[in-house]
Amino acid sequence: MLNLVLFGPPGAGKGTQAEFLIKDFDLNHISTGDLLRSEIAAETELGLKAKAFMDNGDLVPDEVVIGMIGSKLESNEASKGFIFDGFPRTVAQAEALDQLLTEHGTAVSAMLSLEVEKEELMKRLLNRGLTSGRSDDQDSSIIENRINNYNEKTAPLKDFYGAQSKLSPIEGQGSIEEIASRLTAAIKSL
């Protein structure tokens with residue numbers, strides 16, 4: 001089973017590249033945001049728990065998110081693999097994901113880390129803000145804060161997967177097709 005953690009700062013192109021990888025490698029996409037929304041809409045037990053936290057303005061605890069990912073794995077046991085997008089974001093989440101995958105007889109195959117210069121990220125996000133209308137992509141100080149949060153809280157995951165020899169840094173600048181080609185080459189070399 002091919003299980004990939006698609007990683008990178010805001011604006012690195014994770015969503016765009018995930019679409020190529022899903023199609024090219026016949027993988028299931030696990031986006032925690034999408035997963036939370038679908039579980040809440042389906043009014044599952046975990047969805048109702050998540051909704052209670054979100055309604056109070058609190059973050060959904062890791063164990064609830066891991067439970068949802070576990071349900072997704074169980075409902076797709078015949079899958080060729082998964083792309084994890086937006087999860088894990090902390091070392092504790094990565095450890096929990098490793099444990100969950102082990103319980104399902106599989107493991108993370110690689111962390112594909114899209115490496116993009118800060119100036120390029122700023123440019124991409126501001127452009128996305130113009131076309132998407134997302135308010136968090138229209139203010140350079142908010143964008144800078146998101147990038148700083150990523151560097152402080154999420155980037156340490158590269159060390160976690162690096163220690164397991166599962167880190168694959170990918171040059172995330174260039175055309176969408178060039179980046180997709182680099183990702184595909186990295187996956188085929190696993």
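Just so it is clear, the structure is predicted and the values come from calculations on it, not from any experiment.
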Between [atom1] on residue [X] and [atom2] on residue [Y], distance to nearest 0.5 Å:
X: Leu167; Y: Met111; atom1: CG; atom2: CE; value: 6.5 Å
X: Lys158; Y: Ser168; atom1: NZ; atom2: OG; value: 12.5 Å
X: Ile30; Y: Leu6; atom1: CD1; atom2: CG; value: 13.0 Å
X: Asp139; Y: Glu144; atom1: CG; atom2: CD; value: 10.5 Å
X: Ile179; Y: Thr16; atom1: CD1; atom2: OG1; value: 9.0 Å
X: Leu46; Y: Glu63; atom1: CG; atom2: CD; value: 10.0 Å

For Leu130 and Gln138: C-alpha separation, side-chain torsions, deciding distance, then whether side-chain contact (heavy atoms from CB on, under 4.5 Å) applies. CA-CA 7 Å; Leu130 292 173; Gln138 296 176 10; over 6 Å; no

Stepwise, does the side-chain contact (heavy atoms from CB on, under 4.5 Å) test hold for Lys49 with Ile40? CA-CA 9 Å; Lys49 281 184 183 178; Ile40 290 168; over 6 Å; no

Any carboxylate oxygen within less than 4.0 angstrom of a Lys/Arg side-chain nitrogen, looking at Arg124 and Glu120?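 Salt bridge flag = yes for Glu120 with Arg124.
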
Residue pair [X] / [Y], side-chain heavy-atom distance below 4.5 Å:
X: Thr184; Y: Asp24; answer: yes
X: Val5; Y: Pro88; answer: yes
X: Glu95; Y: Phe160; answer: yes
X: Ile147; Y: Met122; answer: yes
X: Leu35; Y: Lys72; answer: yes
X: Leu101; Y: Phe84; answer: yes
X: Ile83; Y: Ile22; answer: yes
X: Leu27; Y: Leu2; answer: yes

Closest approach of [X] and [Y], non-hydrogen atoms and distance?
X: Ala50; Y: Leu36; result: CB-CD2, 3.8 Å
X: Ala186; Y: Leu112; result: CB-CD2, 4.3 Å
X: Asn151; Y: Pro156; result: O-CD, 4.0 Å
X: Ile69; Y: Leu97; result: CG2-CD1, 4.4 Å

Before you tell me yes or no, could you show the steps for Met1 and Lys80 under side-chain contact (heavy atoms from CB on, under 4.5 Å), namely the whole-Å CA-CA distance, both residues' side-chain angles and the distance that decides it to 0.1 Å? CA-CA 5 Å; Met1 188 176 276; Lys80 292 183 180 179; over 6 Å; no

Assess the side chains of Ser109 and Asn3: does a donor N or O sit below 3.5 Å from an acceptor N or O?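 Short answer, no.
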
Does either side chain, that of Glu115 or that of Ser113, offer a donor lying less than 3.5 Å from an acceptor on the other one?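 Yes, a side-chain donor-acceptor pair sits under 3.5 Å.
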
Between Asp85, Asp26, Leu183, which is the residue that forms a side-chain contact (heavy atoms from CB on, under 4.5 Å) with Leu21?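 Going through Asp85, Asp26, Leu183 one by one, the side-chain contact (heavy atoms from CB on, under 4.5 Å) with Leu21 is satisfied by Leu183 alone.
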
Could you see if [X] belongs to whatever hydrophobic cluster contains [Y]? Use Ile, Leu, Val, Met, Phe, Trp, Tyr and a side-chain cutoff under 4.5 Å.
X: Leu114; Y: Tyr161; answer: no
X: Val64; Y: Leu48; answer: no
X: Val116; Y: Ile170; answer: no

Dump the intermediate steps for salt bridge (charged side-chain N to carboxylate O under 4.0 Å, His left out) on Arg146 and Asp137, then the final yes or no. CA-CA 10 Å; Arg146 288 168 54 206; Asp137 287 343; 2.7 Å; yes

Residue [X] excluded, over 12 heavy atoms near [atom1] under 6.0 Å:
X: Arg128; atom1: CZ; result: yes
X: Glu103; atom1: CD; result: yes
X: Glu43; atom1: CD; result: no

Are Phe7 and Tyr150 close enough that their ring centres sit under 6.0 Å apart?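 Close enough - the centres of the two rings lie under 6.0 Å apart.
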
I'd like to know if the side chain of [X] and the backbone of [Y] have a donor-acceptor N/O pair within less than 3.5 Å.
X: Ser71; Y: Gly67; result: yes
X: Glu171; Y: Gln173; result: yes
X: Glu178; Y: Ser175; result: yes

Trace of the side-chain contact (heavy atoms from CB on, under 4.5 Å) decision for Val108 with Phe82: CA-CA 9 Å; Val108 168; Phe82 295 87; over 6 Å; no

Running the 4.5 Å side-chain criterion over Ile, Leu, Val, Met, Phe, Trp and Tyr, what cluster does Ile176 land in, apart from itself?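 Members other than Ile176 - counting any ILVMFWY side chain reachable under 4.5 Å - are Phe20.
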
Donor-acceptor pairs are to be reported for all side-chain atoms of residues 52-62 against protein atoms at under 3.5 Å, with residues two or more places apart or in another chain.
residue: Asp55; atom: OD2; partner: Lys51; partner atom: NZ; Å: 2.8
residue: Asn56; atom: ND2; partner: Ala52; partner atom: O; Å: 3.3
residue: Asp62; atom: OD1; partner: Gln93; partner atom: NE2; Å: 2.8

